[in-house]
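Below, chain A is the first sequence line, B the second, and so on; all start at residue 1. Given the structure is predicted, the values throughout are model-derived calculations rather than measurements.
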Amino acid sequence: MMDEFIKHINIWQFQEDLLTWYDKNKRELPWREDSDPYKVWVSEIMLQQTKVDTVIPYFERFIRKFPSPYELAAASQEEVLKMWEGLGYYSRAKNLHEAVKEVVEKYDGNVPDDAEKLGTLKGVGPYTKGAILSIAFNKPEPAIDGNVLRVFSRLFKVEDDISKGPVKKRIESYVKELISEEDPSSFNQAIMDLGATICTPKSPQCLLCPVNKHCLGFEEGVQEQLPVKKKAKKQKTVSYVALIMKEKDRVIIEKRPSEGLLADLWQFPMVPIEEVGMNHIEHWFYGEYGVEIHLQEKLGNIRHVFSHLIWDIDVYEAKIIQNENNDTRIRMVKTDSIDDFPFPVSHQKMKAWI
DNA sequence: AAAGCGGGGTG
DNA sequence: CACCCAGCTTT
């Protein structure tokens, strides 16, 4: 789909400039040591909405524990979540686990190399599908992520909101025109490295950019205004009281529901204060869990920011008066075994008060 | 098309 | 504080 915007670029020269730069400047990353499709897959899932520096230690630990689809498929969900602990967006880990089990059962552990089969795997969307096909199998498929949208919105001076579907389609058509047929793997990774190191969201280093002579945004001096996207709404704050309930060398923890926020992770039980009220915590807790408690002293406060909401948690010690223990959500565990359970970061911080 | 889903980093 | 990030799923 050639439109008038693509004509300003000499495609061959663009590829040459980009790939020469990449060959000299590419970052050495653990998932670039080989092109094992399983490792490419794991890395791409971890890198969704997550910075390279954050991912590196997680990736190395994860691959050490699950070197191939077989080890991952054989693991329990709890083990997988434990390896993902602190990385966020935990449905990624559960979807990857489920999809790898499918690959072991249906494809003998071989990651499929065609778009239809890849696209049906849990957690593999348009971006990840393109990334696996290009990076692991060297197929000329676009892999449109935030970096590509930013780089291309500047290259072609796209002034429409990049979160809109039609605009993504337009950028996808540009990528298809420009992508190298000889080395699509390097091409896609080069755009990403360029976006991460040169064509950054703020203060892009255009004078150091290997493709600045092809860039309409730079030519017109509007690179800082691109890409255009609507800003996120402000988060709402929700208040909780978290309870540290110890008895000798044991403490009560709770498994969160299997859907929604931080699904299937463990936490110290929390009381939603807007609904319950500070004066009715003990009564509410008994009705909810069948455990009679007395609130003791306040231990501290945790303020945790998510992308869409903020938790304001007052942490209290509570004495267990009587434990009828008729609720399947909560469990008393030895304090020295608490690190076996996957906790969200907000609740990891509360371990300091055990 | 919009909302839900984590966490860390930067200025 | 605002804004950013190698997205996908559900509604």
For the pair [X] and [Y], find out whether any cationic side-chain nitrogen is under 4.0 Å from an anionic carboxylate oxygen.
X      : Y      : value
A:E172 : A:K169 : yes
A:K157 : A:E220 : yes
A:K139 : A:D114 : no

Smallest separation among heavy atoms of A:A196 and A:R150, with atom names: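 In this case the closest contact between A:A196 and A:R150 is N-NH2, 4.3 Å.
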Non-hydrogen atoms of A:I179 and A:P184 that approach each other most closely: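 For A:I179 and A:P184, the tightest heavy-atom pair comes out as CD1-CB, 4.0 Å.
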Of [range], the positions that come close to DNA chain C - non-hydrogen atoms, cut-off under 4.0 Å:
range                       : answer
residues 31-40 of chain A   : A:W31, A:R32
residues 45-64 of chain A   : A:L47, A:Q48, A:Q49, A:K51, A:V52
residues 124-131 of chain A : A:V124, A:G125, A:P126, A:Y127, A:T128

At under 4.0 Å between heavy atoms, what does [X] touch on the DNA or RNA strands: base, sugar-phosphate, or nothing?
X      : answer
A:G195 : nothing
A:L149 : nothing
A:Y89  : base
A:R27  : base
A:K94  : nothing

[atom1] gap between [N] and [M], integer Å:
N      : M     : atom1 : answer
C:dC3  : B:dG6 : C1'   : 16 Å
C:dT10 : B:dG7 : C1'   : 22 Å
B:dG8  : C:dC8 : P     : 22 Å

Nucleotides bounding contact with chain A, strand DNA chain C, heavy-atom threshold 4.0 Å: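 First and last nucleotides in contact are C:dA2 to C:dT9.
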Would you say the side-chain atoms of [X] and [Y] include a donor-acceptor pair closer than 3.5 Å?
X      : Y      : value
A:E324 : A:Y286 : yes
A:S186 : A:Q189 : no
A:H214 : A:N10  : no

Of all residues at least two apart in sequence or in a different chain, which pass the ring-ring contact (aromatic ring centres under 6.0 Å, His included) check with [X]?
X      : answer
A:F59  : A:W31
A:F218 : none
A:Y127 : none
A:Y58  : none

A:K298, NZ: over 12 other non-hydrogen atoms inside 6.0 angstrom: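 Yes, because the 6.0 Å sphere around NZ of A:K298 holds more than 12 heavy atoms from other groups.
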Residue A:K255 excluded, over 12 heavy atoms near NZ under 6.0 Å: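 Count over threshold, so yes.
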Option among A:H304, A:K236, A:Q235 that satisfies the side chain to side chain contact (heavy atoms under 4.5 Å, CB included) test with A:I310: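 It is A:Q235; the other options fail the test.
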Nucleic acid contacts - residues 199-212 of chain A versus DNA chain B, non-hydrogen atoms under 4.0 Å: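 Here the set is empty: none.
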Selection: residues 339-352 of chain A, any non-hydrogen atom under 4.0 Å of DNA chain B: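 Only A:P344, A:V345 qualify.
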Value rounded to 0.5 Å, distance of OG in A:S76 from CD in A:E78: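 The CD atom of A:E78 is 6.5 Å from OG of A:S76, to the nearest 0.5 Å.
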Pi-cation contact, A:F343 with A:K351 (under 6.0 Å, within 45°):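 Judged by the rule, A:K351 and A:F343 form a cation-pi pair.
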Derivation of the salt bridge (Lys or Arg N to Asp or Glu O under 4.0 Å) call for A:R32 and A:D193: CA-CA 13 Å; A:R32 286 181 176 171; A:D193 273 24; 2.8 Å; yes
Connected via hydrophobic side-chain network under 4.5 Å: A:F268 and A:F306: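 Shared cluster, yes.
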Sub-6.0 Å ring centroid separation between A:Y174 and A:F152: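 Between A:F152 and A:Y174, which both carry aromatic rings, the centre distance is not below 6.0 Å.
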Contact interval (first through last nucleotide) of DNA chain B with protein chain A, 4.0 Å heavy-atom: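 Reading along DNA chain B, I get B:dA1 to B:dG8.
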Pairwise 5' ranking along DNA chain B for A:K164 and A:L87, keeping only the more 5' one: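 Closest to the 5' end, via its nearest nucleotide, is A:K164.
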Sequence neighbours excluded, every pair satisfying salt bridge (Lys or Arg N to Asp or Glu O under 4.0 Å) that has a member inside residues 257-276 of chain A: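 Counting only pairs at least two positions apart or across chains, the salt bridge (Lys or Arg N to Asp or Glu O under 4.0 Å) contacts touching residues 257-276 of chain A are A:K94-A:D264.
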